[in-house]
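See structure below.
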Amino acid sequence: MQGIGQSTVLMYSTWMPNDSCATLAIDGVWRAHTLASNTGASLPTGHTLLNAALPGGGWPCAQLTELLQGPAGHSEWQLLNPALRQLNPTEHIALVGPPWVPHTPALAAQGIKADQLWWIDAQTWRDRLWASEQLLRCDAVGAVLVWLPQASANGLRRLQMAVQAQRASGQRPPWLFAMRPWAAATDASPAPLRIRLETLGPAGLRVQVIKRRGPPLPYPIDCPLLQPLASLLFATQHTHSYVLDRTVTPQTNASPKDLVGI
Amino acid sequence: MLEVHSSFRLMGGIAALLGKLEQAATPHGWHHMATAPTARGAWALLHPSSHTTHANPDTLTTLLDGLSIDCLMAAARHQDTLRQMGCRTLGELRQLPRTGIAQRFGQALLLELDQAYGLQKEAFDWLTLPDTFEATHDLPHPTDNAPALLEHLKTMLDEAESWLRARQAGATSMRLTCHPEQLWRKPGAPQVIELHTAHPTRSRNQWMQLFEVHFTQNSLAAAAASLHLGVQQSLPMATESRSWLPDPQQTHTQLLACMARLSARLGADAISRAQACADHRMERMQSWNTSLDTPRTRTLPPPGQAALQPCWLLQEPAPLSISGQRPQFQGALTLLTRPWRVETGWWDDAKSDTKDYFIAHSPQAGLVCVYRQRTQTYAAERAPQWFLHGFYG
């Protein structure tokens with residue numbers, strides 16, 4: 001039974017499949033009680049627990065992935081940097097309507113070069129959706145990050161269709177991430193993967209997978225902070241550190257040149 | 001008249017070439033085609049009295065012999081005289097003595113006869129295209145229906161494309177004039193539609209799309225009875241050559257074209273790329289350029305400092321309120337590090353003051369980058385002001 005979308009869902013019934021059926025893997029078909037596997041490439045997220053929770057073991061390509069953040073939400077780089085730095089340096093990353101100015105030296109230190117970034121300042125959500133669709137058709141664009149504080153369901157569906165259409169093209173399909181507010185969690189969305197982010201400060205990020213191609217995940221996953229910020233903050237929590245007390249000789253793992261100026 | 005001998009090998013033989021020519025020519029209303037080793041022979045074969053329209057070098061003589069004498073233009077002038085002499089076909093004409101024909105009818109007839117049979121060389125002037133392109137098309141009945149107009153426009157745009165292709169140019173501006181039906185009592189005024197493109201375009205499909213968009217948004221004042229298309233401005237256009245391997249230059253060009261399209265709709269300032277600058281002030285470490293293709297200068301900051309900087313910067317640092325000697329941003333801020341002083345730029349900005357940067361934790365906003373600003377004036381002692389400069393993550 002081939003529906004309109006790319007994959008077909010088998011309805012979960014009381015009859016449990018036996019072992020021979022469990023090893024049967026058909027492209028485009030996933031059983032509701034198991035995690036789906038991505039038909040395209042997956043980008044490892046950099047956090048092992050999150051990799052295990054996502055279908056395909058990473059961010060899916062040629063699919064719309066929604067990241068829902070709070071009112072002070074700004075945790076996208078923290079979550080996406082380990083994945084985005086695995087893209088080729090020739091593949092460009094487009095930021096459509098970011099709320100603040102991206103600071104490229106900090107991003108360059110985390111592996112995303114300033115040459116790869118394009119800042120597209122679109123004001124209305126319609127313009128942002130249109131710009132994302134145009135960018136997805138470029139072969140040179142590896143990832144598109146679009147900020148949609150509001151968007152209609154039709155617009156999102158169209159975006160999902162546009163990114164799925166790229167799977168048929170010869171080049172590697174792009175990754176698409178849409179940043180939306182927490183309030184959008186109750187709205188219906190065509191995105192196959194929806195994630196709710198909550199920031200825990202120095203402890204890292206709390207990630208809850210609201211929707212995925214697989215059984216629902218009731219517990220959130222805590223992702224720690226990225227290096228070297230994590231090691232710096234770890235050093236500041238403890239005494240006898242170079243940061244807090246300059247008379248003590250450095251005995252921690254953090255080398256002095258990492259903490260220059262502090 | 002087409003000279004196609006040199007194209008046989010490329011097109012895969014004479015049959016394939018003729019098939020392609022028929023396919024291309026039939027929509028324009030050209031139905032009859034003849035081929036022969038000589039041009040005048042092919043022209044002669046188009047005559048209704050010929051049984052076939054294709055002649056090989058060995059069959060040319062026999063085929064031409066059977067045709068009537070008004071196939072050739074020079075012979076047709078004298079056909080009454082020739083018929084009275086009992087000469088009806090080209091074969092019989094050839095059997096007449098040549099000096100007699102030359103004396104009676106002129107050398108031109110002999111020359112044409114020899115050229116048709118391939119005994120003499122023939123030369124023609126190459127077709128030169130006019131400097132401007134104008135095409136008129138009369139519609140079978142007046143209509144203001146957009147799909148019907150586009151159908152008639154398609155043939156004219158095809159001609160425009162071939163004209164542009166022959167001149168190695170692309171059109172940047174086209175004018176379409178729709179003439180209404182000229183009635184005696186109400187003479188109608190023609191309606192002019194002008195379309196422009198940023199880049200020279202010659203493709204019929206692209207121009208059709210532009211006209212389609214125009215027709216969906218605008219309507220004609222009166223039903224059009226005839227269409228007149230003219231290319232207002234054309235510029236030389238170089239076509240890209242295809243390559244076997246994926247061309248990185250091509251993907252770059254495609255990316256630039258995409259960005260040009262985005263800037264056409266969103267504005268010229270909407271697309272920007274970062275360029276690193278050597279400066280210790282965080283807001284000046286990069287400058288955002290809106291020109292799409294700029295040379296990149298590489299100045300990398302020391303890695304230790306850059307890793308501790310926030311990923312997001314505010315456009316303007318936001319002042320923070322202070323309560324109980326602690327700055328507030330969505331809760332009381334807890335400073336996690338010691339100050340990192342930046343004191344520079346006095347030559348640039350008269351108001352640049354000493355800034356002490358801290359990484360702080362806000363209960364709701366997470367890790368933020370704040371700074372404490374001390375003013376350099378000795379006159380008034382003010383409490384230091386706190387500003388929020390960026391977010392981590």
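Per chain, numbering begins at 1; letters A, B, ... match sequence-line order. Because only heavy atoms are used, hydrogens play no part in the values below, and waters and symmetry mates are left out as well, while side chains stay in.
No cation-pi contact links A/R128 to A/W147, judged by a cut-off of 6.0 Å to the six-membered ring centre and 45° from its axis.
If you measure heavy-atom distances from A/L117 to chain B, the contacts under 4.5 Å come from the backbone alone. Only the side chain of B/Q330 comes within contact range of chain A, with heavy atoms under 4.5 Å apart. Proximity to chain A (any heavy atom under 4.5 Å) is shown, for B/L262, by both the backbone and the side chain.
Under 3.5 Å, the side chains of A/Q160 and A/Q63 contain a donor-acceptor pair of N or O atoms.
Within the 4.5 Å cutoff, the side chain of B/D356 has no heavy atoms near those of the B/Y371 side chain.
Here A/L135 is the residue among A/L205, A/V141, A/L135 with the most heavy-atom pairs under 4.5 Å with chain B.
Here B/L153 contributes atom CG and B/E212 contributes atom CD; the two are 10.5 Å apart, rounded to the nearest 0.5 Å.
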